[in-house]
2 protein chains.
Amino acid sequence: MSDTAISEQDQAGRPGLRERKKRLLQEAIEQAALKLFLQRGYEQTSIQDIAEAVMISPRTFFRYFPSKEEVLLGPTRAVMRAGLEYLRTLPKGQSEDEATSMALRAAMLHIAHLYQQQRHSFLLRYQIARQIPSVAAFYLYALLEAETAFCDLLQERAGGAREYGQLRLLVATHVVALRVALERWLDEGAEGDLQALVTSYLEELH
Amino acid sequence: MSDTAISEQDQAGRPGLRERKKRLLQEAIEQAALKLFLQRGYEQTSIQDIAEAVMISPRTFFRYFPSKEEVLLGPTRAVMRAGLEYLRTLPKGQSEDEATSMALRAAMLHIAHLYQQQRHSFLLRYQIARQIPSVAAFYLYALLEAETAFCDLLQERAGGAREYGQLRLLVATHVVALRVALERWLDEGAEGDLQALVTSYLEELH
DNA sequence: TTGACTTTTGTCAGTTAGTGACATTATAAT
DNA sequence: ATTATAATGTCACTAACTGACAAAAGTCAA
């Protein structure tokens, strides 16, 4: 599933046939799933249905996605991970209160940027997440995971200078501002400027 | 399941036998479940196991609780509902920005108070919620529901004077402060003063 | 208390998500 | 070609739910 121990690429470093097929199938599963979700609804679509649509066995579906929720919200989790990586690349700064806020803000804006790049995809996914509690819950858990990861990273950087609870609150409020901005942006058809919205909500936190 | 159309109580308004048995059984299911969760772990405990422990059929379990998560987090949801009711009883005030914050703060403190009253119960429940993603997700969804309910109530009161997104952010940050305070309080064995913790985190929001 | 009425319960049958084991097939490397 | 490795399908299984219906228990009025 992950990278093979050695090679399986040609000299130029291109992925081999196996790898390419895997990516293609993953993409196909996701697209078929979204199409079915849209057509008959999320809950009315079984994994069996999705598997049949791409002519694989249900067992194989689970080798690509651990759950139906992950098909829908994998990209959301990916965006949050990307935000974390972005934060990691940021210069360490002095890690004073001010610097931490700035870094967090930059990370949130980066995530907002990624959402904007794939607005159509997220618009659809979000419309489902609104209606289906299990999906909404999964989404919130993804945010919590991200929050924890952000905290851990910042904590490590600051060398324990800051009290964990305070840091957690700081991160959590930033994530909340992102979430509320996102909700509003998607509610309005994802046509506005998400980054501006995030900025204004972050401002409002003082 | 809900209140019967007529009577089924004695003159003093005491619930009848049926009602009393129902409450007793619900209590018994919950206690048995918690005991099993503690003994063998949440995921190692099936609904079958819980049903056997109180000598009912699995089908009957589901007539009392819609899911395993609800057994564990029903009380959490009840506390959030109580916070909402508390907010509802508060004098309407002028619904200016300041007044809204004050009311929200009071509601959060009221919820904190309720948590403190049942610290032992919540301590156990939370230790499970930390470890089991599906439970954590369920918990976060309960907070989101509460957040929405708070917003709707305040919105209705203000008569649409305030922009919804701003109100949502205000409520969300308050709920986040509560959540972070709660996490910390429970992490430290629920022995400190939760209300003080909530107050200090709310302060920190400015 | 009997007897009619209502609610709760158990039984049964079914759907769906998710997982481990293992044989089969497809790709990769030599 | 041949051997090694990774992907897939099949099978069997557990566990969370849900609808339908008959049996049992609680309620109430005469």
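Chain identifiers are assigned alphabetically (A, B, ...) following the order of the sequence lines, protein sequences preceding nucleic acid strands; residue numbering begins at 1 within each chain.
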Colleague: Looking at R88(B) and E156(B), is there a salt bridge between them, counting it only when a charged N and a carboxylate O are closer than 4.0 Å?
Modeller: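 A salt bridge is absent here (no side-chain N lies under 4.0 Å from a carboxylate O).
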
Colleague: For residues 53-61 of chain B, run the donor-acceptor check on the side chains, cut-off 3.5 Å, and write out each pair with its distance to 0.1 Å, sequence neighbours left out.
Modeller:
unit_1, atom_1, unit_2, atom_2, d
S57(B), OG, T60(B), N, 3.3
S57(B), OG, T60(B), OG1, 3.2

Colleague: How long is the span from the CG atom in L202(B) to the CG atom in L197(B), to the nearest 0.5 Å?
Modeller: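 With rounding to 0.5 Å, CG (L202(B)) is 10.0 Å from CG (L197(B)).
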
Colleague: Applying salt bridge (Lys or Arg N to Asp or Glu O under 4.0 Å), can you list everything that pairs with E52(A), at least two apart in sequence or on another chain?
Modeller: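 Partners of E52(A) under the salt bridge (Lys or Arg N to Asp or Glu O under 4.0 Å) test: none.
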
Colleague: Near DNA chain C, under 4.0 Å by heavy atom, which residues of residues 35-45 of chain B?
Modeller: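 Residues of residues 35-45 of chain B under 4.0 Å from DNA chain C: none.
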
Colleague: How long is the line joining OH of Y64(A) and C1' of dG9(D), in whole Å?
Modeller: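 Atom OH in Y64(A) sits about 13 Å away from atom C1' in dG9(D).
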
Colleague: Can you tell me how far apart NE2 (H174(B)) and CG (L169(B)) are? Round to the nearest 0.5 Å.
Modeller: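 Rounded to the nearest 0.5 Å, the NE2-CG separation comes out at 10.5 Å.
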
Colleague: Do Q116(A) and Q195(A) pair up side chain to side chain, a donor and an acceptor below 3.5 Å, judged on atom types alone?
Modeller: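 No, no side-chain donor-acceptor pair sits under 3.5 Å.
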
Colleague: Among dT27(D), dA26(C), dC21(D), which nucleotide has an atom closest to any side-chain atom of R18(A)?
Modeller: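 Of dT27(D), dA26(C), dC21(D), dA26(C) is nearest to the side chain of R18(A).
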
Colleague: What's the CG-C1' distance between D49(A) and dG18(C), to the nearest Å?
Modeller: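 The distance from CG of D49(A) to C1' of dG18(C) comes to 16 Å, rounded to the nearest Å.
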
Colleague: In this structure, how many angstroms lie between the P atom of dC17(D) and the NZ atom of K68(A), rounded?
Modeller: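 Nearest whole value for this atom pair: 14 Å.
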
Colleague: Atom CZ of R20(A) and atom P of dA6(D): how far apart are they, to the nearest Å?
Modeller: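 To the nearest whole Å, that distance equals 18 Å.
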
Colleague: With sequence neighbours left out, write down each residue that passes side-chain hydrogen bond (donor to acceptor under 3.5 Å, both in side chains) with S121(A), or none if nothing qualifies.
Modeller: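 Result, side-chain hydrogen bond (donor to acceptor under 3.5 Å, both in side chains) vs S121(A): R125(A).
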
Colleague: Contacts to DNA chain C from residues 50-62 of chain B, heavy-atom cutoff under 4.0 Å, which residues?
Modeller: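 Per residue number, the list reads M55(B), I56(B), S57(B), R59(B), T60(B).
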
Colleague: Which of the following nucleotides, dA28(C), dT8(D), dG18(C), is nearest to the side chain of S67(A)?
Modeller: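 Output: dG18(C).
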
Colleague: What residues form a salt bridge (Lys or Arg N to Asp or Glu O under 4.0 Å) with E43(B), not counting sequence neighbours?
Modeller: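 For E43(B) there are no salt bridge (Lys or Arg N to Asp or Glu O under 4.0 Å) partners, ignoring immediate neighbours.
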
Colleague: Could you state the atom-to-atom distance from NZ of K21(A) to C1' of dT27(C) in whole Å?
Modeller: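 Rounded to the whole Å, the gap is 8 Å.
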
Colleague: Which nucleotide, dG10(C), dT16(C), dA15(D), lies nearest any side-chain atom of S46(B)?
Modeller: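 Out of dG10(C), dT16(C), dA15(D), the nucleotide with an atom closest to S46(B)'s side chain is dA15(D).
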
Colleague: If I take atom NZ in residue K22(A) and atom P in nucleotide dT27(C), what distance separates them, rounded to the nearest angstrom?
Modeller: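 Going from K22(A) (NZ) to dT27(C) (P), I get 13 Å.
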
Colleague: Expressed in angstrom and rounded to an integer, what is the separation of R63(B) atom CZ from dG10(C) atom C1'?
Modeller: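 R63(B) atom CZ is separated from dG10(C) atom C1' by 7 Å.
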
Colleague: Give the nucleotide from the list dT27(D), dA16(D), dA17(C) with an atom nearest to the side chain of I47(A).
Modeller: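 So the side chain of I47(A) is nearest to dA17(C).
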
Colleague: Could you tell me how the ring of Y115(A) sits relative to the ring of W185(A): parallel (under 30°), tilted (30 to 60°) or perpendicular (over 60°)?
Modeller: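 Judged by the thresholds at 30° and 60°, the geometry between Y115(A) and W185(A) is perpendicular.
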
Colleague: Starting at atom CZ of R23(A), determine the distance to atom P of dA6(D), rounded to an integer number of angstrom.
Modeller: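 These atoms are roughly 16 Å apart.
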
